[in-house]
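Residue numbers begin at 1 in each chain, while the letters A, B, ... track the order of the sequences. Here the structure is a predicted model, which is why all the values come from computation and not from measurement.
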2 protein chains.
Amino acid sequence: MQGVETIKRSSSGSGLTERQGAVLEQALRLLVDGGERALTTAGVARAANCSKESLYKWFGDRDGLLSAMIAFQASKVRTLDVSGGVLDAASLKAHLVAFAKDLLDVLAGDVSLALNRLAIGQASREGSKLGRLLEERGRRQIGRRAGALLEAGRKAGLLAFSDAEEAYGALYGLVVSDWHLRMLLGENPSGLKKNFGLRAERAVDAFLALYGRKV
Amino acid sequence: MQGVETIKRSSSGSGLTERQGAVLEQALRLLVDGGERALTTAGVARAANCSKESLYKWFGDRDGLLSAMIAFQASKVRTLDVSGGVLDAASLKAHLVAFAKDLLDVLAGDVSLALNRLAIGQASREGSKLGRLLEERGRRQIGRRAGALLEAGRKAGLLAFSDAEEAYGALYGLVVSDWHLRMLLGENPSGLKKNFGLRAERAVDAFLALYGRKV
DNA sequence: CTCCATCAGTACCGTACGGTACGGTTCGCC
DNA sequence: GGCGAACCGTACCGTACGGTACTGATGGAG
């Protein structure tokens with residue numbers, strides 16, 4: 001108990017060593033490729049060239065591993081702050097379209113879909129611990145970015161709404177509709193995956209028709 | 001091979017005997033209560049007072065049982081046709097609000113949530129067979145009802161849209177937003193489950209602001 | 001009554017998983 | 001060099017599940 005603190009922390013200071021991060025990376029890969037059934041402790045250990053004993057030492061049990069995977073993935077997604085110069089109508093729309101496209105891209109991502117499927121499958125039992133974690137780390141973040149953007153638009157006199165949450169819900173619904181659920185159910189490969197730009201633009205147009213201030 | 005056709009078919013002529021329907025009912029109950037892990041062949045046999053051998057005889061294997069559960073549940077949900085008299089603005093809005101509220105009620109139902117969780121969890125492997133089945137039997141039906149309603153509104157000169165699919169997507173998104181996903185992730189018990197009437201009304205107002213013809 | 005099909009109940013088998021324990025190896029530190 | 005911690009690889013254990021086989025009971029048809 002003297003000089004023992006030379007542990008190499010990972011880049012993101014979330015108490016994980018680089019080795020553990022690499023293990024979580026492999027675990028995510030397994031999950032994306034084969035779903036929850038492929039995510040066995042033996043499989044993770046084999047894919048990551050580590051021992052099961054280490055897995056249990058680092059993450060406690062299987063649920064701890066799942067939680068660590070979600071936290072790890074969330075820590076890699078950084079929502080770029082807007083906070084650009086002053087807003088005019090054109091730049092607000094551009095920011096909204098960029099947000100909408102980013103949202104669609106994130107939701108359609110392999111890892112996001114796999115983690116959402118995992119948390120949803122786990123939601124029945126155990127009080128949906130993973131679901132709440134995923135919501136906290138994922139939706140909360142992107143909701144903050146949207147909230148800031150909407151608030152900036154209102155301050156600039158370009159948007160009119162009373163309840164920010166309601167306006168955000170409308171924006172989200174117009175952008176995503178039932179696409180997220182359909183992708184979660186497995187309906188993707190039909191190439192209709194890259195109208196995201198067009199989808200985003202039309203959704204923002206509709207949103208502005210609802211909440212944009214007449215000029 | 002003479003008089004052997006005294007088999008008692010169930011009420012819905014989907015080739016299922018009443019006994020088999022009762023078994024599927026118990027299976028759905030198990031799924032709703034305990035999630036996929038609780039839906040074991042032994043558990044279903046015990047809950048339904050039948051033998052595992054009968055289960056495999058009737059449904060082939062576990063996947064066949066799951067598919068039968070989805071088909072069985074879908075066969076019980078009947079979408080009432082609209083097809084009332086002529087539409088005016090008030091009755092169109094009333095129909096839209098009723099549709100929106102029904103949609104929210106269906107999506108928030110125990111069995112619907114459990115089946116969606118099941119299909120989503122299964123979507124990674126096996127080409128998402130269950131997902132497509134659920135989409136065909138569920139979304140297609142309710143989409144037809146909405147499509148007919150929107151088309152009637154357009155014929156009556158009350159709605160203006162070029163792409164019916166796009167208009168339906170906007171309506172769905174405004175009504176549901178991310179509520180379905182949040183419920184799938186397990187975030188329900190906070191009593192905010194019965195603003196459905198209010199939610200439906202506001203969403204329809206927004207939809208009419210977008211696609212309603214100025215009077 | 002007898003035959004036959006169906007079905008409940010149970011025992012059984014192979015497999016696969018979560019979790020633990022142990023031997024052997026590397027590596028930093030005194 | 002020698003010590004100890006961390007760790008890989010693997011073997012191991014208990015359990016639980018999907019699926020199959022067998023026995024006995026029921027009930028309808030001839």
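Out of dG19(C), dG18(D), dC7(D), the shortest distance to the side chain of Tyr56(A) is found at dG19(C). Comparing atom distances between the Ser51(A) side chain and each of dA8(C), dG19(D), dG9(D) picks out dG9(D) as nearest. For Glu53(B), whose side chain is taken as the heavy atoms from C-beta onward, the closest listed nucleotide among dC7(C), dG9(C), dG18(D) is dG9(C). Picking from dA11(C), dG9(D), dA8(C) the nucleotide with the shortest atom distance to the side chain of Ser54(B) gives dA8(C). Side-chain atoms of Lys57(A) lie closest to dC7(D) of the nucleotides dC7(D), dG18(C), dT6(C).
A heavy-atom distance below 4.5 Å is not found between the side chains of Val176(B) and Leu181(B).
The closest donor-acceptor contact from the side chain of Ser177(A) to the backbone of Ala170(B) lies at 3.5 Å or more, if one exists at all.
Relative to the ring axis of Phe99(A), Arg145(A) does not place its NZ or CZ within 45° and under 6.0 Å from the centre.
The stretch residues 23-48 of chain B has no heavy atom under 4.0 Å from DNA chain C, so no residue of it qualifies as close.
DNA chain C is contacted by both Gln20(B) and Lys52(B); Gln20(B) maps to the nucleotide lying nearer its 5′ end (nearest heavy atom per residue).
Asn49(A) has its CG atom 15 Å from the P atom of dT26(C), to the nearest Å. As rounded to whole Å, 13 Å separates atom C1' of dG19(D) from atom CG of Leu65(B).
Contacts of Arg137(B) classified as side-chain contact (heavy atoms from CB on, under 4.5 Å), with partners at least two apart in sequence or in another chain: Ala71(B), Ala74(B), Leu133(B).
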Atom pairs and distances, side-chain donor-acceptor, residues 197-206 of chain B, under 3.5 Å, sequence neighbours left out:
| residue | atom | partner | partner atom | Å |
| --- | --- | --- | --- | --- |
| Arg199(B) | NE | Val175(B) | O | 3.4 |
| Arg199(B) | NH2 | Val175(B) | O | 2.8 |
| Arg202(B) | NH1 | Glu166(A) | OE1 | 2.7 |
| Asp205(B) | OD1 | Lys93(B) | NZ | 2.9 |

Report task. Take Arg132(B) and Glu187(A) through the salt bridge (Lys or Arg N to Asp or Glu O under 4.0 Å) test and state the conclusion after the steps. Result -> CA-CA 7 Å; Arg132(B) 261 175 290 140; Glu187(A) 176 203 340; over 6 Å; no
